[in-house]
Amino acid sequence: MQRNKDMLKAPVAVCENEVGCQSYNEGDGPHGHWEESDPALQEEGLSEYYSSLQQILLELGLPETRDRTATPRADLTDPNMTICVLASPDKYLPILLEGGRRCPGHVMLCLSSSWLSKAPSQKHPGLFSLLIHKAVTFGSGGCTNLDTFQPPRRASYFLSSLGDHSMPHKAENGQVLGTITEEDLDCPTCGSPELTRVVEDVLLTRQLVAQRGIKVPPTLAFAFRPNLKSLPPNTQVTVVSAQEKEELQKAMLGAVEEFLHHPDLGSCHKVMVQHSGAKWCFRDNVTVHQKSAGEEILQAALGLLPKIQQGESILITASYDSVQPLKPWKLQQSVIFKEPEVSRRKLDLHIRATVCRSADDQPQLMQVVCWVNRTEAPIRSSPTVLQSLEVTLPDWGFTKQDYLTELQQLLKQWAEAAMQGIMDYQSQLSSEERGGATAQIDFIGVEFALTQHNDRLHPFLLSLTSHHRGIQSTATQLLQPHQRGSTVGPLVQAMCHRAHCSFIADKTILYIGAGNVNKLRVFQSAKKYHIKIILVDCNSSHPAFALVWKTLHHDFSDHTQDESHAHIISKMVRDLNVIVDGCTTFNCDTVILTSLVCKELGLPSDGFEALVTAKKKSHSHRHLGGIRHGLQHLPNPSLYAVPCLPVDSEQELEEAMAQVGFPAAVKLEKGSGGMGVKIVENSLQCQQHFKSLKWDLKGTTYHMINKGFKNEPLLMEFISGPRYVVDLIIFQGKLLAAFVSDCGPPGLSYFFNTSHVMPTCLCPEKETQLAIAAYQCCLHCGLKNGVYNLDMKLTETGPKLIEINPRPGGSYLPSWIKTVYGTDIILCTFLIACDVHPHIWTPEPRGYVVGISSPVFQHVQALENPSFPVILKALEENGIINSIKVGDMKNKIDFDFSSFNITSFSPNKDEAFHRLIAASKILDLDSEKHPVKYFLDFIK
């Protein structure tokens, strides 16, 4: 079915953005025409592109594109996120659909470079901003709109495959300044012509992957005046180079014969002869010859010699026979019908993996697809029906599950190693060699061949393909959003991340309170993102002062005077005469002060009342317990609260004990890190600990416990059940992402962390219960913009709140979330502080991080072994564990607080646990008093 090219009809309702469906003005919608007078329509191929898009949407069961060009769009819900794709509609279809699902209204398809223009960049002199005048905007549910923009939208990420699309740009006075190339853009770009030449240079990429232990077909290369960076030699790729073609011709005479008799070609019957270089991909100009036809092979190579240019090569490559089905496709025989015998033709199985560079700069496999051609088909023939490898191989008779799993793991390992090789090579290139300062290879294709020898399957990596080849998906992946998200989701997340990084660079953020040494990673991250931090702290010699742009010294340790401190700090900032884009903190002690400073400076922040409610534990529970909204879409927030009463005198303690009962927890209103927390089982224990806390709050025993607040004790019902930590990212009241992790049994009698695993081992339903409960607790306490950390328990009656930490998770949690999910909650905090929507979500976990926290006494015992630092370093360098100091041992020798944490990451949960148990024993962090296996078994 062909849709009408002259009339663009539309669905009844179109979701324009994340807010929801909106009505449109007269001239929009079902009867809006694409005018034939539109110059863009006259361009060659544009009408066909648009018609193809409608055909694609029809076949996928999606609504037809709605024409809204009669009313230019000016309502930019988030001008800081615009992913621009310049390509034919089918080239990056999975990215467009998934981008529309994840970032509705912010992913735009431009079918022609005439829909774009460039203007001098206001942020980066000498570069240019890419402006979008017209585009097909992708939204939720596969809805699309043809839009024009006035003023034009500025691209924050650019992906293109339409070849040469130099665009005219004008100065403010309207004068045409000429044409420029993609390398002049100020926004991140996916690749460049220069990087495409790197990826699709077969000789270069085979050398790069072979040096990483990846198996490639034995290759003989004749390189003419090579301009490659020096690479170490390897046994799989032999390179003969020369400055003159005559020298290469002479070298070919003996080298070809020697190569054909190489032992590695023993099981090979054919060889391929082809070009390799900037303008040739793997399947360009390829001829296949019998290995025994030495003279024919030599003549084919000599015939290519006049065509190659400087930096290009001629390759002679072993061509192994593809694996063949173990059983033919046949109907089940019956008396009624007998299928005739047919001759079996040889088949070629082609495998292509797609790998992206994740948001945290790690190679990540997105998908593996395969297709089958007859061996006699032309080598340049297009792929047949795409299907998954796990379906194809069993159909061919390879049914051993462990065998297939081993092959899948090997392909994943090799594909990601190939991407890492490209990333490492790119990092050595200058901006000019990369094709621009913002150019980066964000994804590649990796093509494999699969052969069979001695009843074993043997893959070979044949070549790499650049982003220009697009992304091909199976029908299942295109038709099912969840499957589509699991394949291209990491790439869309990486695109958003690069756009975020481009926006946040050079922003100025005020940061209140440096915190302990664990918070140094926050300032290191800010430096990596080129954020200008103005740090305010009491300690002018804090090591963080060396990592930030500007520093202000002010003693705000007495938090009972936060309003006065906020006024003084605000005046100090104004005296700097700089524009501050945002203000934030990662410390519990300074969240209220930060809110007051934001109010003074007119910066976005959660309100003072909301932070006081969240910070004071008894306020949180009493506030939630009093909510009766009567809505049934989610549980009433009062269900998450438990009896919790502040106590400031012995009389109040008696009343609280009567209401709360036993067992109960005595803790501090504004305490953190388990300080002052103790389980009491009767009134005597409760009274004794209450008196001890009151004494400590005077500063005579433990001066750190007060933290500058009027930090009165409270009595809270003890909640039984396992403990969980939930880290949330919320923007303008909307939950963007939630990360749930499991905690082991607490170290009694003081509550310090013992063991921890991320992601949670709960079933999806229970995980969602906790995430929604934590979100409701924040939202109904007034926390609507930030990254928050909550302690929860899961009881027989559902989730229960322990406490809200109205700041990002500390210690090891930021690095854990980045390792498991690829999400940087530090960057998200900075973006929200600048009132910018972080376009992130909870992706599929890449594996498991398991950690064990050692109390001070165990850490001290381990340090008595002089070999401890050496062993620890060796374990870390071999990727077995990571370690982090989570607390200061000073003033904690008498307490069971944790001071040292080791973690292990693995895609396999059991392997991560086994590594950690072994490392704990080697490091002497395991003992009868601190049994590591017990703590880990609790969460496993």
Side-chain angles (χ1 to χ4, degrees), residues 77-81 122-123 156 496-497 499-515 519 521-537 544 547-552 554 556 562 565-567 569-588 590-608 610-611 728-734 736-737 778 782-789 806-809 814 823-840:
T77 55
D78 182 6
N80 302 304
M81 177 59 67
Q122 298 179 358
K123 189 174 181 179
S156 51
C496 294
H497 177 77
H500 291 151
C501 293
S502 177
F503 166 82
I504 204 71
D506 298 322
K507 295 295 180 185
T508 302
I509 295 179
L510 182 65
Y511 192 99
I512 312 296
K519 298 296 191 294
R521 70 168 65 89
V522 175
F523 307 105
Q524 293 163 349
S525 294
K527 196 170 184 179
K528 181 185 76 172
Y529 293 125
H530 306 288
I531 300 171
K532 299 175 182 176
I533 294 289
I534 303 174
L535 175 60
V536 185
D537 197 66
L547 300 172
V548 298
W549 181 54
K550 291 183 182 295
T551 59
L552 297 173
H554 174 68
F556 51 73
D562 272 351
H565 296 317
H567 181 72
I569 292 171
S570 300
K571 184 179 183 305
M572 295 170 72
V573 172
R574 292 190 188 100
D575 290 343
L576 292 176
N577 197 28
V578 297
I579 297 175
V580 177
D581 299 291
C583 177
T584 191
T585 186
F586 277 61
N587 305 302
C588 264
T590 53
V591 291
I592 294 175
L593 174 58
T594 300
S595 174
L596 293 170
V597 171
C598 287
K599 185 176 180 181
E600 288 262 357
L601 296 175
L603 296 172
S605 169
D606 285 323
F608 171 78
L611 288 166
L728 302 177
I729 303 174
I730 302 174
F731 182 73
Q732 293 181 355
K734 180 181 179 181
L736 303 182
C778 286
L783 302 179
K784 299 181 179 180
N785 289 281
V787 181
Y788 310 111
N789 171 266
R807 44 77 181 161
T823 301
D824 190 347
I825 63 171
I826 295 176
L827 175 61
C828 292
T829 303
F830 288 141
L831 289 168
I832 294 173
C834 296
D835 201 26
V836 172
H837 185 306
H839 287 270
I840 56 96

What I'd like to find out is whether the side chain of [X] reaches to under 4.5 Å of the side chain of [Y], using heavy atoms alone.
{"X": "Ile509", "Y": "Val580", "answer": "no"}
{"X": "Val597", "Y": "Leu510", "answer": "yes"}
{"X": "Leu728", "Y": "Val787", "answer": "no"}
{"X": "Lys519", "Y": "Phe586", "answer": "yes"}
{"X": "Lys784", "Y": "Lys734", "answer": "no"}
{"X": "Val536", "Y": "Phe556", "answer": "yes"}

Within 45° cone of Phe523 ring axis and under 6.0 Å: Lys527 NZ or CZ: no
Heavy-atom closest contact (Ile729 atom, Cys828 atom, distance):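 Of all heavy-atom pairs spanning Ile729 and Cys828, the closest is CD1-SG, 3.8 Å.
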Specify the closest pair of heavy atoms between Cys583 and Cys598, including all atoms of both residues, with the distance to one decimal.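 That would be CB-SG, 3.5 Å.
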Say whether [X] and [Y], considering side chains only, have a donor N or O and an acceptor N or O under 3.5 Å apart.
{"X": "Asp824", "Y": "Tyr529", "result": "yes"}
{"X": "Thr584", "Y": "Thr829", "result": "no"}
{"X": "Tyr788", "Y": "Asp606", "result": "yes"}

Return yes when atom NE2 of His554 has more than 12 non-hydrogen atoms of other residues, nucleotides or ligands closer than 6.0 Å, and no otherwise. yes
With ring centroids as reference points, do His567 and His565 lie under 6.0 angstrom apart? no
